[in-house]
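Comments concern the structure below.
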2 protein chains.
Amino acid sequence: MSRPTQYDREEALQKAMLIFWKKGYHATSLKDLEKGLNMKPGSIYCAFSNKENLYLLALELYVGRSVTRFQAHMDQAASPLTGLAEYLRGFARNGANGGAPQVCMLTKTLVDVTSTAPEIAAQAKIHLKQIRQAFADGFARAKAAGELSEKADCAHLARRFQAAVTALRFELHLETDQTDIAALAEDLAQEIEALRSERPDIAHP
Amino acid sequence: MSRPTQYDREEALQKAMLIFWKKGYHATSLKDLEKGLNMKPGSIYCAFSNKENLYLLALELYVGRSVTRFQAHMDQAASPLTGLAEYLRGFARNGANGGAPQVCMLTKTLVDVTSTAPEIAAQAKIHLKQIRQAFADGFARAKAAGELSEKADCAHLARRFQAAVTALRFELHLETDQTDIAALAEDLAQEIEALRSERPDIAHP
DNA sequence: AAAGTTTATGAGCGATCACTCAATTAAAAA
DNA sequence: TTTTTAATTGAGTGATCGCTCATAAACTTT
């Protein structure tokens, strides 16, 4: 079976993700990665093929974690709709989810590479859709729990929710005052809670 | 007075802005600019000092136009609050303001350069604040017209409005279906109109 | 025309880019 | 131990990066 790898692939990938997330695709050089991963160029290419592929893998890791975190949050929420609203408030609390006060990596990717690396952009759009689907599932749960009107359009609400998340995370990126972010998050959270159906248990006509 | 310049400075600057806006700061090379402006490297540096300075000038041009366009829109609106709501709907209509279906250049800048070109990021934040102030002025006009409660916090509303614009323009960037963008814009516009005070002419207690 | 002044030119600067590959090293298998 | 197999290395690839500067060109003034 020959010589085993010296690095931990998962660990290297996670480091790469953080570097890419912080600096962006174009601004991150192989030198940055060599230093950050503590790997020589040859090893990086042996392990991850090339910069673009490494970036795609980093994106995948990012999305997987995001979805997992969101679902974990929803599972421990008092109710689906409350969970969604709280998810927005959460951005204002800890300084950010996972300790990284930044734009969503997918947003950053799409802004960075849409006109220069279309394949990466296409993949990022797919990932955004995955996350939006997770949000839609959350709204569907709220509907099933009678918190939303039967007529509520979950896909539509999910897009709006994602827009709110995007905007909030962009404010985090700007390092806007904590107070102002909290106020914005509170506004957006209340918009979600305002969707709560007044008649929680009416079946269709 | 010696040899006159061959190029039109304003025109060159506008072209540079469009190139930077499309590709971003890092991804735009001097070659791109040489081609786009039809100027040789020496001339570009003679006219605009360096890439960073040219970018800052392009940003300034962008912001000036954005503010002007917003104010022109507000001046011809039926009422301030209606104008604000219509401004959001406007993004869904023409495919974008000025024919450029993209993220706001300031958003793009901040995502692109915050961790790699701090001076540009700092300037972009100042510009964002300028625009937010223009939005706040719009809300102040609405308040003066009795469309908003006396207690309304214009600065706070302006930040929320700007967040809505950011999110909407990001959707434009994604080339989301026209229908979905229109639905999102309509939602956001209605949130603005929902602020309309039911008692338009009550002075303070 | 000649002198003076400013702009335009583009080959080329050193630095850095993403990336390669022949040589070396380290482990498992024989 | 020897052989086999794969991982690691890092100097070096050509391309491109932002940028410079000596020279040529175009205009006004004398």
Would you mind reading off the distance between [X] atom [atom1] and [N] atom [atom2], rounded to a whole angstrom?
| X | N | atom1 | atom2 | answer |
| --- | --- | --- | --- | --- |
| His26(B) | dC17(D) | NE2 | C1' | 13 Å |
| Lys51(B) | dC19(D) | NZ | C1' | 12 Å |
| Glu34(A) | dA18(C) | CD | P | 9 Å |
| Tyr45(B) | dG10(C) | OH | P | 17 Å |
| Lys23(B) | dT16(D) | NZ | C1' | 12 Å |
| Phe48(A) | dT8(D) | CZ | C1' | 14 Å |
| Leu30(B) | dA15(C) | CG | P | 18 Å |
| Asp32(A) | dC19(C) | CG | P | 14 Å |

Distance-only donor-acceptor hits, side chain of residues 42-54 of chain A, under 3.5 Å, sequence neighbours excluded:
| residue | atom | partner | partner atom | Å |
| --- | --- | --- | --- | --- |
| Asn50(A) | OD1 | Glu52(A) | N | 3.2 |
| Asn50(A) | OD1 | Asn53(A) | N | 2.8 |
| Lys51(A) | NZ | Tyr25(A) | O | 3.0 |
| Lys51(A) | NZ | Thr28(A) | O | 2.8 |
| Asn53(A) | ND2 | Phe48(A) | O | 3.1 |

Got a sec, which residues hit salt bridge (Lys or Arg N to Asp or Glu O under 4.0 Å) with [X], two or more places apart in sequence or on another chain?
| X | value |
| --- | --- |
| Glu11(A) | Lys15(A) |
| Asp180(B) | Arg159(A) |
| Glu86(B) | Arg89(B), Arg93(B) |

- With a non-hydrogen cut-off below 4.0 angstrom, is Ser49(B) in contact with a base, only sugar-phosphate, or nothing?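 Since no nucleic acid heavy atom lies under 4.0 Å of Ser49(B), the category is nothing.
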- Message: Enumerate the ring pair (Phe, Tyr, Trp, His ring centres under 6.0 Å) contacts for residues 115-135 of chain A, please, sequence neighbours excluded, ordered by first and then second residue.
- Response: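 Pairs touching residues 115-135 of chain A that pass the test: Phe70(A)-Phe135(A), Phe135(A)-Phe161(A).
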- Item | Contacts of His156(A) that satisfy ring pair (Phe, Tyr, Trp, His ring centres under 6.0 Å) - sequence neighbours left out |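 Ring pair (Phe, Tyr, Trp, His ring centres under 6.0 Å) check on His156(A) returns nothing, list empty.
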- Test Ile120(B) against every option in Leu110(B), Val113(B), Thr114(B) by the side chain to side chain contact (heavy atoms under 4.5 Å, CB included) rule and name the one that passes. Val113(B)
- Give a yes-or-no answer on whether the side chains of Asp32(B) and Ser29(B) include a donor-acceptor pair shorter than 3.5 Å. yes
- Query: Mind checking what makes side chain to side chain donor-acceptor pair (under 3.5 Å) contact with Thr166(A), not counting sequence neighbours?
  - Reply: none
- Task: Starting at the 5' end of nucleotides 10-15 of chain D, put B wherever the base has a protein heavy atom under 4.0 Å, S where only the sugar-phosphate does, and a dash everywhere else.
- Result: BB----
Could you go through nucleotides 22-25 of chain C and list every protein N or O atom that sits under 3.5 Å from one of its N or O atoms, giving the distance for each pair?
| residue | atom | partner | partner atom | Å |
| --- | --- | --- | --- | --- |
| dT25(C) | O2 | Arg3(A) | NH1 | 2.8 |

